[in-house]
Protein chains: 4
Amino acid sequence: MAMMRADARRNRARVLDAAETVLARDGLAASMREIAEVAGVGVGTIYRQFPTKEALYQAIVEDRMRRLADRAGELATAEDPGAAFFEYFTTIVADSTMKKVLVDALAVAGIDAKAGSPDIKGAIETLLTRAQRAGAVRGDVGMEELLALLSAACLAAQHHHWDEGLRTRTLAVVFDGLRPARGEAAHV
Amino acid sequence: MAMMRADARRNRARVLDAAETVLARDGLAASMREIAEVAGVGVGTIYRQFPTKEALYQAIVEDRMRRLADRAGELATAEDPGAAFFEYFTTIVADSTMKKVLVDALAVAGIDAKAGSPDIKGAIETLLTRAQRAGAVRGDVGMEELLALLSAACLAAQHHHWDEGLRTRTLAVVFDGLRPARGEAAHV
Amino acid sequence: MAMMRADARRNRARVLDAAETVLARDGLAASMREIAEVAGVGVGTIYRQFPTKEALYQAIVEDRMRRLADRAGELATAEDPGAAFFEYFTTIVADSTMKKVLVDALAVAGIDAKAGSPDIKGAIETLLTRAQRAGAVRGDVGMEELLALLSAACLAAQHHHWDEGLRTRTLAVVFDGLRPARGEAAHV
Amino acid sequence: MAMMRADARRNRARVLDAAETVLARDGLAASMREIAEVAGVGVGTIYRQFPTKEALYQAIVEDRMRRLADRAGELATAEDPGAAFFEYFTTIVADSTMKKVLVDALAVAGIDAKAGSPDIKGAIETLLTRAQRAGAVRGDVGMEELLALLSAACLAAQHHHWDEGLRTRTLAVVFDGLRPARGEAAHV
DNA sequence: TATGAATGAGCGTTCATTCAT
DNA sequence: AATGAATGAACGCTCATTCAT
């Protein structure tokens, strides 16, 4: 049974990988058949793990969210809170570029990530607060607009296939806007 | 024949209007039949004007782009170039929120506006240049990252239904990042 | 438009015919594709007329019911009420044999004919009452058991492909049971 | 190996029971998975005993037929052959009502019982002959029409959920038709 | 031997597109 | 020129059956 489980788990992973790939390529039009073919399994195998197409999409979103939350958790104890904050922002956007269309496709499908499940929101909030205390980010920036900026960058990066140069230059503007004006005191 | 032309033109406009409406309401799932019904014509009539669904979408995008370019043209001679620039940015984003699903739907459909046709790009570039000359925008911001920021804001505004408050606060950060650091000299 | 209607009507009839045929052959397992093929139309054409498979089945039942009611109406003024009554019973059963599996298939599908819509029930009741008044049928036989006998004969005739001989001999028994015992007075 | 056999036999019985239950509840739509779950075995175990779904259905029919034949055997030595005959007829129909959907489902599935295997036919023929000899049933009624009447009553009882009152009144007509006309001599 | 994960043909249904009217 | 009926490929999903464990 443990061996069976191993098979099933491997298939589940293969399906999730294939779904990400196909979703990235075909957007929302991705069909279950196509995903099954790329995964190298029958469509029935997908449906054994995920009762509907939407459930599969949900699983992908949750998968990504969990990974992003994990990364945020790691950075939450970094020495330089400002650097950690901006690095996290950059990494997420860069990641989105690779997995292009994904978040966006999912969002259009109505399976909106709402810019993150509670745990990821909490993780980001920690990074933000620490960065603000360290004086690396303006104190009057709230979570809502931060998530709006993050989401916007991700969406655009995916849509337009931002290359590294463009990403760097564009985020530079955003980061400049996030940094305290000279003279603003850190919370220390 | 002139009469015919008038008929055809009226039909074309009716179809485009209906398509925008239906697309806004149903997103990508909009069907040609639904559009035809809303337009009050038969599906065949749509196909007379637009050979494929994609062509219809393209036409909508171009339509919108032309209107945006027109607005940019008007602002190009405004007295305060900085205000004109930021107003244009804000207006486009606000507009996207209203017509939500549209740009995004089109983008997902692969009919990407590429952040604008030459027309609109030129119009925006004029606004940018004038704002930079007036010292209202940093001189080292290029068209590419400006369009990236604009597109990002539009996409996110649509996806997440930014309300006015969120839009204002989020754009405030972006605009802060776009403004020259104190001490930077205007090009005048 | 009248011409179009003619086309549509012809197709509707073709679909109904094909559906009866295929249902008779394959029972409930009949697929829409098969019906479409037999009808010589695309599946979409069926769906234009009948929004679901169940609606198609319903239409067939109603079609048959209407025809049966019509025949009952004709016999309602026959000179010999007893002969009319037994002829009607026989005819319906014989008809069921030809269209075998149909009623039964529909019944299983949950689209039960309930042994007849109101109008057919009324028509049969007229035949029964007239036959009873003429002393050809026992006065203590009610509509409920009459319909039960009729339905039973139809179902069995379909299931087991009664040939004419078997039908005659079997109905002879039923008819004997329906006739008044000697000495029972007619209502005249 | 004897132990194995016991296991297999128990499984076979469990599957047959489950199949009857599920078939009665879900009609033809019953799935092998559902049957397996109710039986508490894996689907593979069903396939070990019954090579196809149809074979399983066949086995159920044979199972029922055997039980009916057994009952007929018991009644074959009853004191009052006429009463035994009509009781058997009534019992079978009443039984069909309870197990509704079953016979009918099977029949629709094309696994027709042909109104009985040789076994049951023989048993019924004995009852009929004895009843005819006793003068309780007309001598000119043959097996073929008797089975036709029996099958018809069963089918209709299932389809339309005959309650006891309707069953009694309907069978009364049939039984009246089966009884000898006054004056017909018994075969004694 | 028994299990249930995997398979894929097939189902009901939709909809972009064509074409007879 | 305009209509909308017809088409059929493609979709999401189910389930009888097979086979690795």
Side-chain angles (χ1 to χ4, degrees), chain A residues 1-12 29-37 39-54 56, chain B residues 1 3-5 7-8 11 29-37 40-54 56, chain C residues 1-12 15 29-37 39-54 56, chain D residues 1 3-4 7-8 11 29-37 40-54 56:
Chain A
M1 187 166 145
M3 295 293 286
M4 276 296 204
R5 282 265 176 88
D7 252 39
R9 218 176 283 145
R10 181 162 58 249
N11 268 336
R12 187 187 161 94
S31 81
M32 294 300 265
R33 259 173 199 72
E34 178 70 11
I35 293 171
E37 258 158 41
V41 303
V43 285
T45 301
I46 300 182
Y47 279 95
R48 164 166 292 272
Q49 304 272 357
F50 310 99
T52 64
K53 198 187 190 188
E54 186 164 321
L56 172 58
Chain B
M1 191 164 142
M3 293 292 289
M4 295 269 190
R5 276 273 171 87
D7 257 37
N11 269 338
S31 77
M32 293 300 265
R33 172 163 313 192
E34 177 72 9
I35 293 171
E37 260 159 38
V41 302
V43 285
T45 302
I46 299 183
Y47 278 92
R48 167 164 295 273
Q49 305 275 354
F50 309 98
T52 64
K53 200 187 190 189
E54 185 164 323
L56 172 58
Chain C
M1 186 166 145
M3 297 291 287
M4 276 296 205
R5 280 263 177 87
D7 254 41
R9 218 176 283 144
R10 180 162 57 249
N11 269 336
R12 189 188 159 93
V15 167
S31 82
M32 295 299 266
R33 259 172 198 73
E34 177 71 10
I35 293 171
E37 259 158 43
V41 303
V43 284
T45 301
I46 299 183
Y47 278 94
R48 165 166 291 271
Q49 305 272 357
F50 309 99
T52 64
K53 199 188 190 188
E54 186 165 322
L56 172 59
Chain D
M1 191 164 141
M3 295 291 289
M4 295 269 189
D7 257 35
N11 268 339
S31 78
M32 293 300 266
R33 173 163 311 192
E34 178 73 9
I35 293 170
E37 260 159 37
V41 303
V43 285
T45 303
I46 299 183
Y47 278 93
R48 165 163 297 273
Q49 305 275 356
F50 309 98
T52 65
K53 200 187 191 187
E54 186 164 322
L56 171 59

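Chain naming here is simple, since letters A, B, ... match the order of the sequence lines and numbering starts at 1 in each.
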### Query
Counting a pair only when it is Watson-Crick or G-U and both distances are under 3.5 Å, which runs of at least 3 such pairs involve DNA chain E?
E:2-21 with F:2-21
#### Entry: Nearest-Å distance for atom pair CZ/P, residues D:R48 and E:dT1
5 Å
### Message
Output the rounded distance in Å from CD (B:E34) to P (F:dG4).
### Response
15 Å
### Closest approach of C:I35 to C:V15 (non-hydrogen atoms, all atoms of both residues)
CG2-O, 4.2 Å
Which donor-acceptor pairs under 3.5 Å do side chains of residues 45-52 of chain D form with protein atoms, sequence neighbours excluded?
| unit_1 | atom_1 | unit_2 | atom_2 | d |
| --- | --- | --- | --- | --- |
| D:Q49 | NE2 | D:A8 | O | 3.2 |
| D:T52 | OG1 | D:E54 | N | 3.4 |
| D:T52 | OG1 | D:A55 | N | 3.1 |

### Query
What's the CD-C1' distance between D:Q49 and E:dT1, to the nearest Å?
11 Å
### C:E37 CD - F:dA9 P separation (whole Å)
11 Å
### Task
Give the minimum heavy-atom separation between D:V43 and D:M32, together with the two atoms involved.
CG1-O, 3.9 Å
### Task
Measure from CD1 on A:I46 to P on E:dG8 and round the result to the nearest Å.
12 Å
### Query
Residues two or more places apart in sequence or in another chain: which of them pass side chain to side chain contact (heavy atoms under 4.5 Å, CB included) with B:E37?
B:R33, B:E34
### Task
Compare every heavy atom of C:G42 with every heavy atom of C:A36, then report the nearest pair and how far apart it is.
CB-C, 4.0 Å
### Task
Round to a whole Å and report the spacing from CD1 of C:I35 to P of F:dG8.
17 Å
### Message
So, OP1 or OP2 of F:dA1: does either fall under 4.0 Å of a side-chain N or O from B:N11?
### Response
no
Enumerate the protein-to-nucleotides 15-19 of chain F contacts in which both atoms are nitrogen or oxygen and the separation is below 3.5 Å.
| unit_1 | atom_1 | unit_2 | atom_2 | d |
| --- | --- | --- | --- | --- |
| F:dA16 | OP1 | D:K53 | NZ | 2.8 |
| F:dA16 | OP2 | D:M32 | N | 2.7 |
| F:dT17 | OP2 | D:Y47 | OH | 3.2 |
| F:dT17 | OP2 | D:K53 | N | 2.9 |

